[in-house]
Protein chains: 2
Amino acid sequence: MRADAQKNYDRLLTVARDVVSEQGADASLRDVARRADVGLGTLYRHFPTREALIEALLRADVDELTAKAADLEVSSTPEDALLTWLRGCVALNHEYRGVSALFTAALEDTGSALHDSCVALHDIGARLLDRAHATGVARPTVDGTDLFALVAALAWLYDQPSLAPRADHLFDVIATAILPTHQHTGFPE
Amino acid sequence: MRADAQKNYDRLLTVARDVVSEQGADASLRDVARRADVGLGTLYRHFPTREALIEALLRADVDELTAKAADLEVSSTPEDALLTWLRGCVALNHEYRGVSALFTAALEDTGSALHDSCVALHDIGARLLDRAHATGVARPTVDGTDLFALVAALAWLYDQPSLAPRADHLFDVIATAILPTHQHTGFPE
DNA sequence: ACCTGAACACCGTTCAAGT
DNA sequence: ACCTGAACACCGTTCAAGT
């Protein structure tokens with residue numbers, strides 16, 4: 001990549017982080033280009049779709065959680081490890097408003113820039129779940145893809161202004177569906 | 001209301017039902033007015049906001065479920081009654097794409113055209129839940145507003161193309177969080 | 001190679017002018 | 001009272017013209 005192109009790419013990502021933080025996943029792309037002092041076509045050249053832009057915004061964070069989760073497998077009890085993974089995933093799906101649908105789609109869409117990262121995160125989650133299955137603390141009917149779906153649904157709940165105050169409680173309710181013996185995740189009630 | 005105004009109002013609702021079915025909650029209002037052969041200002045006169053239009057579309061169906069739920073209280077076991085109410089609510093939240101956020105907001109927003117209907121539906125749900133609490137089949141930490149939130153989250157899951165095939169299973173998972181002794185709701189797995 | 005911005009086809013919302 | 005549609009300020013997306 002040419003030096004000027006690289007500079008534009010970086011600036012677009014930096015500005016997009018702000019704009020998507022403010023406006024959510026349906027932020028104005030024109031606004032991103034404008035604030036980055038870049039032509040509209042330059043934005044489209046680097047990020048052919050809105051999804052490509054937001055996926056680029058999220059990718060590093062997904063990989064970070066995957067790495068952290070690999071540690072959890074050896075350092076925590078099956079139950080604690082799974083709960084920490086779940087909380088991290090919810091936080092990821094809630095990093096910007098309205099991105100949980102994108103995460104949900106990326107897991108299956110091989111064309112997504114987030115696909116490989118999501119599969120890796122899914123796989124480590126499934127491993128943590130299997131460990132919990134083996135020790136009998138996790139409900140057997142729940143599988144790794146269910147986890148991803150429930151996490152996305154929870155992030156959606158956090159996105160709803162009227163539900164945000166109850167969201168931590170609802171996390172506990174759903175966590176209990178996955179880990180029936182579990183009582184409380186440590187979130188304030 | 002003048003006769004011609006009534007005719008326009010009715011036609012707008014009929015057309016909106018089609019357009020919102022096709023395009024979801026963020027359907028083009030211009031398209032609605034166009035297909036109804038009505039000026040754009042006429043649409044705005046009858047429905048000052050997009051929410052007002054969609055709420056008008058949903059209201060009758062909400063009231064219908066509330067009425068049905070009142071019957072359930074006397075004709076079914078606490079568990080079956082609650083499950084039927086839950087399924088009906090999910091169906092309502094899933095009647096058009098993207099309306100679950102609107103339902104969620106309407107419960108608290110006293111200005112919403114759907115507010116009273118949602119409160120009534122919430123209240124009958126809370127009564128069914130209390131009955132289930134009394135017989136010990138429902139988890140005590142779940143309250144009536146949690147039900148509404150979980151139902152909306154489930155409808156959101158049904159809206160995601162990649163999750164739709166698992167949505168019935170996820171309904172069971174969440175139903176089990178509410179009714180721990182419950183095994184299977186009757187949805188195909 | 002890469003960047004630019006005008007051009008096109010849409011959209012929501014308002015409001016002066018009509019009946 | 002009610003209806004109409006032009007007007008305004010946006011938007012996503014494409015692409016010819018520039019360097």
Taking [atom1] from [X] and [atom2] from [N], how many angstroms apart are they, rounded to a whole number?
X: R45(A); N: dC2(C); atom1: CZ; atom2: C1'; answer: 5 Å
X: Q23(A); N: dC10(D); atom1: CD; atom2: P; answer: 12 Å
X: L40(B); N: dC10(C); atom1: CG; atom2: P; answer: 15 Å
X: E51(A); N: dT13(D); atom1: CD; atom2: C1'; answer: 14 Å
X: Q6(A); N: dA1(C); atom1: CD; atom2: C1'; answer: 14 Å
X: R30(A); N: dC10(C); atom1: CZ; atom2: P; answer: 15 Å
X: R34(A); N: dC10(D); atom1: CZ; atom2: P; answer: 8 Å
X: L43(A); N: dC2(C); atom1: CG; atom2: P; answer: 15 Å

- Ignoring backbone atoms, test whether N8(B) places a side-chain nitrogen or oxygen under 4.0 Å from the OP1 or OP2 oxygen of dC3(D). yes
- Message: Please determine whether a side-chain nitrogen or oxygen atom of H46(A) lies at a distance below 4.0 Å from atom OP1 or OP2 of dC3(C).
- Response: yes
- Searching all strands shown, indicate the nucleotide that pairs with dA1(C) (Watson-Crick or G-U wobble; both distances under 3.5 Å). dT19(D)
- Mate of dA7(C) where both pairing distances stay under 3.5 Å, Watson-Crick or G-U: dT13(D)
- Message: Assuming nearest nucleotide by heavy-atom distance, tell me which of R2(B) and P48(B) is located more 5' along DNA chain C.
- Response: P48(B)
- Task: Select from T49(B) and V38(A) the residue whose nearest nucleotide in DNA chain C is closer to the 5' end of that strand.
- Result: V38(A)
[X] and [Y] ion-paired at < 4.0 Å:
X: E73(A); Y: R127(A); value: yes
X: R166(A); Y: D143(B); value: yes
X: D31(B); Y: R34(B); value: yes

- Aromatic ring centroids of Y158(B) and F171(B) under 6.0 Å? no
- Touch class at under 4.0 angstrom, heavy-atom based, for S28(B) against every strand present: sugar-phosphate
- Considering only heavy side-chain atoms of L29(B), the closest of dT13(D), dG12(C), dC3(D) is dG12(C)
- Query: Among dG12(C), dC3(C), dT4(D), which nucleotide sits nearest the side chain of Y44(B)?
  - Reply: dG12(C)
- Query: Can you tell which of R97(B), R17(B), R35(B) makes a salt bridge (Lys or Arg N to Asp or Glu O under 4.0 Å) with E22(B)?
  - Reply: R35(B)
